[in-house]
Amino acid sequence: MAPVRTAGAVATLLSVGIVSYFLCKTTQQKSPRKKKLQRRRTGIVAAIGNTPLIRINSLSDATGCEILGKAEFLNPGGSVKDRVAVKIIEEALESGALAEGGVVTEGSAGSTAISLATVAPAYGCRCHVVIPDDAALEKAQILEALGATVERVRPVSITHRDHFVNIARRRALEASELTSNTRKESQIDANDSSQINGHSISEEKQNMQFSSECKGGFFADQFENLANFRSHYEGTGPEIWEQTGGKLDAFIAAAGTGGTVAGVSQYLKDQNSNIKCFLIDPPGSGLYNKVTRGVMYTREEAEGRRLKNPFDTITEGIGINRLTENFKMAKLDGAFRGTDMEAVEMSRYLLKNDGLFIGSSSAMNCVGAVRVAKALGPGHTIVTILCDSGMRHLSKFHNDEYLSEHGLTPSATGLEFLHS
């Protein structure tokens, strides 16, 4: 019987060896470009993510819950959007939509643009940003210091062709057209090189936003590009799950593009469907109504009394009146409203009691965390996102004169400003 056992063992080893060989070959042949990109995650790009999950002591002690903040302001580019920028650029390079030497364009109120400008050079690319001129001045200054081209435009409706997002989309097309025309120029005889399709090449180049060395353009499209969602489903969500040991009861965050709240909520729900996920929505945004009532507007607004400019909030980067592809991926159990005054008061409260110097969206998220704590009661663990610091909000959200002009001077000594 011994020889039979030996033969069986040999057969088993051969089978395992054959399977292992083909698995190895499949892995080696699969997505070689993706492996190349992963190897490039060194330097500043490798430092993005794995941010601390910190206990917000004052809020935890006041509510009897463990309120934890994901300290995304510690990313190299200073915000949660670093994750999104890396994912967008890597997927674009992998698909061939973006080439090294190309320009990434984006319409952004600040944080995503800053993150793109921070990481684009690590991939051999440049950044062109179209930004509304009512965004905090220091954001444009940071972008220019990072080497990005900054185009400031007046705020208009997203349906207008000159909305900053729509202009950014056109700039990507212009960069790609310039690359195409430059290639055509190189194929034309030197004697005829001054003309392409009846137009002067030199004149065309003067009218373009980009140099002839540009290798095409790519519109990042953070609102609709699902790389945004994937960056949080594959990164932020798993980190929160691991850092809490899976022992959390709720997650809450505001939404601009919707990528963070969608990616994190879906990942956490996939791990444990009992985890409650919520939205906190600022003034003027329609997402609260969408989550709670299924519509983007109230009955009064539907009857024609809707404001022409509904974005009546000083919290930058959050709140929107349309459904993005990213937000559609969110798995939410409900929503809360927050006010500008609550966000301002919360930011000052956290600075005084915890030493946390946070931006407007982070403050609104903390307002939401307290709302959830009151709704669930003591003894629960609640996680939110500290999107960025107050450093890029000095001219507005952390400017006493600006706040006074808008009737938002903080005066609370505790959490009494949270009435509900």
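- Using a cut-off of 4.0 Å between Lys/Arg side-chain N and Asp/Glu carboxylate O, Asp134 and Lys396 are scored as not salt-bridged.
- A salt bridge between Arg230 and Glu91 is present, with a side-chain N of the basic residue lying under 4.0 Å from a carboxylate O of the acidic one.
- With respect to the salt-bridge test (charged N to carboxylate O, under 4.0 angstrom), the residues Glu72 and Lys81 do not qualify.
- Screening residues 152-164 for side chain to side chain donor-acceptor pair (under 3.5 Å) gives Ser157-Thr159, Asp162-Arg170 as the qualifying pairs, with residues at least two apart or on separate chains.
- Between the side chains of Gln222 and Thr257, no donor-acceptor pair of N or O atoms lies under 3.5 Å.
- Judged by distance alone, the side chain of Ser79 and the main-chain N or O of Asn75 form no donor-acceptor pair under 3.5 Å.
- Using a 4.0 Å cut-off between charged nitrogen and carboxylate oxygen, Arg371 and Glu342 count as a salt-bridge pair.
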Which donor-acceptor pairs under 3.5 Å do the side chains of residues 381-388 make with protein atoms, sequence neighbours left out?
| from | atom 1 | to | atom 2 | distance (Å) |
| --- | --- | --- | --- | --- |
| Thr384 | OG1 | Ile252 | O | 2.7 |
| Asp388 | OD1 | His393 | NE2 | 3.4 |
| Asp388 | OD2 | His393 | NE2 | 3.1 |

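- Under the 4.0 Å criterion applied to side-chain N and carboxylate O atoms, Arg171 and Glu174 are assigned as salt-bridge partners.
- In this structure, a donor-acceptor pair under 3.5 Å is absent between the side chains of Glu66 and Ser60.
- Residues Glu239 and Arg83 are paired through a salt bridge, judged by an N-O separation under 4.0 Å between the basic side chain and the carboxylate.
- Remark: Lys352 engages no residue in a salt bridge (Lys or Arg N to Asp or Glu O under 4.0 Å) (not counting sequence neighbours).
- Annotation: Phe336 is in aromatic contact with Phe278 [ring centroid separation under 6.0 Å].
- Within the cation-pi definition used here (under 6.0 Å to the ring centroid, within 45° of the axis), Arg322 qualifies as a partner of Phe223.
- The pair Glu144-Lys139 does not count as a salt bridge, with every side-chain nitrogen at least 4.0 angstrom from each carboxylate oxygen.
- When only modelled atom types and interatomic distance are considered, Thr105 and His128 share no side-chain donor-acceptor pair under 3.5 Å.
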